[in-house]
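Shown next, in structure tokens, is the structure this report addresses.
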Amino acid sequence: MNSQYVVAKFGGTSVANFEAMQRCAAIVHDNPDVRVVVVSASAGVTNHLVTLTQQKVDAAEREALFQSVMTIQQDILACLTLDTDLQAGFNDTKEAFYALAQLPALDAQQCDEMLSFGERFSSYLFTQVLRDLGVTSSRFDVRQVLKTDRQFGKAVPDVAATRDAAMAHLTPQLSEQVVVTQGFIGSDNQGQTTTLGRGGSDYSAALLAEAIAAQSVHIWTDVVGIFSTDPRLCHKARPIARLSFDEAAEMATFGAKVLHPATILPASRSGISVFVGSSRDPHAGGTWIEKNNRSEPGIRAVTQRKNQILLTLKSPEMLLASGFLARIFTILSAHNISVDLVTTSEISVALTLDNAPNATRPELAQACLDELGEFCQVSVENNLTLVAMIGSEIQLRHGEASLMQVLADFNIRLICHGASRHNLCFLVEQGESDAVVQAIHSRLLEAA
Ligand code: ASP
Ligand code: MG
């Protein structure tokens with residue numbers, strides 16, 4: 001049985017400065033069911049930290065980056081007086097950050113340590129903002145409970161260990177107070193800091209919600225829910241009031257940047273409702289993603305994800321032979337590469353990978369290309385965008401000409417449809433993709 005508890009997560013723009021934090025604190029104050037608060041790093045901080053982990057940064061640049069991060073924290077601190085417990089922790093964290101920022105080269109574990117500082121700072125500051133509003137609260141180090149493997153930069157959570165640790169250390173605190181903790185970070189079985197990949201705080205919130213058997217997780221961001229497409233691109237884009245877990249998972253995976261793709265997994269597995277709303281406008285509604293949401297057949301959204309790599313692998317020797325795909329995927333999996341789209345012919349296979357800027361690690365390592373090159377011709381194309389139409393029961397059926405007609409206007413490099421009834425995906429040149437999304441939205445979503 002799930003409890004009444006709600007986990008509320010506030011993203012980087014929601015905790016960007018003191019005023020933004022105050023708006024979030026009011027949301028927590030107004031909903032007594034919120035017992036766990038998960039905060040991101042203030043906007044911009046993680047990007048600075050990612051730069052600090054890069055080899056080519058010299059001592060002067062490191063100093064400047066350290067200062068840029070601290071300025072963001074100090075600006076918030078200037079509006080607060082930290083209680084002694086929080087002040088002590090904040091000072092220690094700052095010292096540890098300074099010491100690490102002195103090092104010219106970091107190993108993978110130290111990189112994750114570096115990336116963790118943004119969330120750690122925010123959690124001290126936000127706890128004080130909550131206390132100043134009269135909410136009994138304490139700061140909690142999520143690394144005590146969010147247990148992961150040791151794949152630094154993109155660690156995989158250990159759900160059972162997380163649940164056990166949460167039951168022992170977190171749940172007992174919740175009847176008395178609100179617990180403020182960090183998104184994005186965790187720890188391995190030796191207690192070393194790990195991170196879940198960029199945007200991972202949403203995922204943390206869902207994992208914690210699962211671990212404490214919460215009723216729902218509220219993701220507070222800077223938009224009033226998940227939209228039919230990016231509203232900056234199409235002014236007629238509309239928030240979607242209800243989504244099924246399947247649709248939401250596809251949308252998050254294929255580019256609706258509002259939610260980290262893995263967030264839906266723990267929620268749907270444990271029947272936890274997910275709400276996405278705007279911390280600027282908490283009463284403006286948002287999107288509810290719930291177990292019993294059924295959707296009408298049809299397209300509900302169009303998303304895009306830029307910076308895709310298309311990898312084409314060809315091996316004429318494979319004609320009528322078996323094992324080609326198995327060999328390829330064994331190598332990709334050994335390099336922890338996650339593939340999005342795949343199309344195959346008898347002697348070749350094309351697949352897409354994400355190459356997000358500012359990622360915590362590069363998706364496609366040269367070592368992987370070399371291994372693939374030992375038995376097939378490898379070609380790599382960049383500057384592509386994956387466009388996805390998402391909805392329910394999407395089918396290219398006889399009589400449903402509109403989908404095909406829309407596609408006929410574009411230069412499509414690759415297309416995938418059929419594995420799931422929830423999407424139809426294709427690759428286009430990056431330079432054209434905004435126009436493609438606008439055309440699809442206006443012809444298939446605005447008419448409806
Ligand atoms: N601060 C991390 C990032 O910017 C995690 C998050 O905000 O979700 O990627
Ligand atoms: Mg985010």
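Start at 1 and go down the list; that is how both ligands and their atoms are numbered.
Under the 3.5 Å distance criterion, the side-chain polar atoms of Ser122 are matched with a main-chain donor or acceptor of Ser40.
Between Asp434 and Gln304, the side chains place a donor N or O and an acceptor N or O closer than 3.5 Å (distance only, hydrogens not considered).
Between Lys9 and Asp202 there is a salt bridge, since at least one side-chain N of the basic residue sits less than 4.0 Å from a carboxylate O of the acidic one.
Classification of the Phe275-His218 ring pair by plane angle, with boundaries at 30° and 60°, yields perpendicular. Using a 30° and 60° split on the angle between ring planes, Phe90 and Tyr124 fall in the perpendicular class, above 60°. Using the six-membered ring where Trp is involved, Phe126 and Phe10 have ring planes that are tilted, between 30° and 60° apart.
Contact residues for ligand 1 (protein heavy atom closer than 4.0 angstrom to any ligand atom): Ser40, Ala41, Thr46, Glu119, Phe184, Arg198, Gly199, Gly200, Ser201.
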